[in-house]
Amino acid sequence: MHDSVEQAVERAIDTMRSNLSEQLTVDDMARAAMFSKFHFTRIFQRVTGISPGRFLSAIRLQEAKRLLTTTRLNVTDISLRVGYNSVGTFSTRFTKSVGLPPTTYRRMGGFAPRIPTQSPTGLTQGTITGQVTAPTHGPAPGLIFMGLFHHRIPEGPPAHCAILESPGAYHFTNVPDGTWYLLCHSVSGDVLRLQQDTMMVSAVGPLVVCGRQTLTADAHLKQVSKMDPPVLLALLDSRKAASERQARRENRAKLYAA
DNA sequence: CGCTAGAGCCATAAGAGATG
DNA sequence: CATCTCTTATGGCTCTAGCG
């Protein structure tokens with residue numbers, strides 16, 4: 001039974017991916033999965049962590065990111081190709097989710113110069129801490145991007161973010177009160193190609209922060225699957241970030257030696 | 001699994017700014 | 001200057017969340 005539910009959700013996601021330029025509705029997806037739209041919405045949310053509408057929107061923006069970095073199509077054409085009839089709506093949604101307007105994203109080669117974080121909202125003080133682990137077999141993860149988001153989908157500015165060079169401990173302090181998802185994303189190899197087999201992800205949550213308490217949340221990286229929501233936020237260039245870190249380490253070493 | 005109120009998304013249009 | 005892109009306001013409508 002559980003498997004058939006997952007298969008239905010997978011079928012719906014396949015329908016989304018192969019009909020990006022169509023005006024797909026939840027009704028259409030529910031029909032493809034052979035459920036009523038009410039029941040379909042519920043099981044979809046249970047399996048993926050987000051609603052079908054948001055998942056579809058995320059897939060559209062992910063495809064737009066790909067088209068921006070791999071083709072010379074203009075923004076209007078790309079917005080039409082991924083199912084938006086209005087370039088205005090597309091531009092607004094893209095900027096809000098990715099963190100950069102479409103043309104800036106293209107100019108930067110698909111990377112963000114820095115990852116913006118939300119400004120503190122007054123009542124802060126919680127702490128979230130834990131370990132990031134990776135599978136013992138298979139390719140080693142590259143740099144690990146970690147972020148605290150309001151939703152199960154990595155879009156918009158995170159409340160906090162960090163970069164780990166390898167699996168290990170992390171520590172977020174001054175986390176605002178609220179419900180958070182810890183989302184981790186690691187790429188070994190070429191980030192631009194975003195090949196599924198080189199990407200590892202982990203999602204932990206919901207984590208409810210209230211007051212000065214400390215929460216422990218361990219994140220286990222796993223190979224990305226079809227049912228994981230795509231990463232929308234523009235990430236840093238991992239190779240550049242790694243070389244900058246290396247340069248900083250060398251500078252520190254020189255200072256100590258002097 | 002069905003229903004419904006309200007939140008949020010999208011289309012449209014106009015205008016400003018950037019670019020070649 | 002023409003074209004492209006981005007931003008913003010507005011109104012309609014779809015979708016989600018919550019209840020039964």
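Remember, predicted model here, so these are calculated numbers, not experimental data. Any value given below was found using the heavy atoms of this structure, including those in side chains, with hydrogens, waters and symmetry copies removed.
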Who passes side chain to side chain donor-acceptor pair (under 3.5 Å) against T173(A), sequence neighbours left out? none

Atom-to-atom span, CZ of F55(A) to P of dT16(C) - whole angstrom: 13 Å

Nearest heavy-atom neighbours spanning V82(A) and A64(A): CG1-N, 3.7 Å

For a quick check under 3.5 Å, do H220(A) and T133(A) share a side-chain donor-acceptor pair by atom type? yes

Nearest-Å distance, CZ (F90(A)) to P (dC9(B))? 16 Å

What is the distance from CG of L56(A) to C1' of dC10(B), rounded to the nearest Å? 13 Å

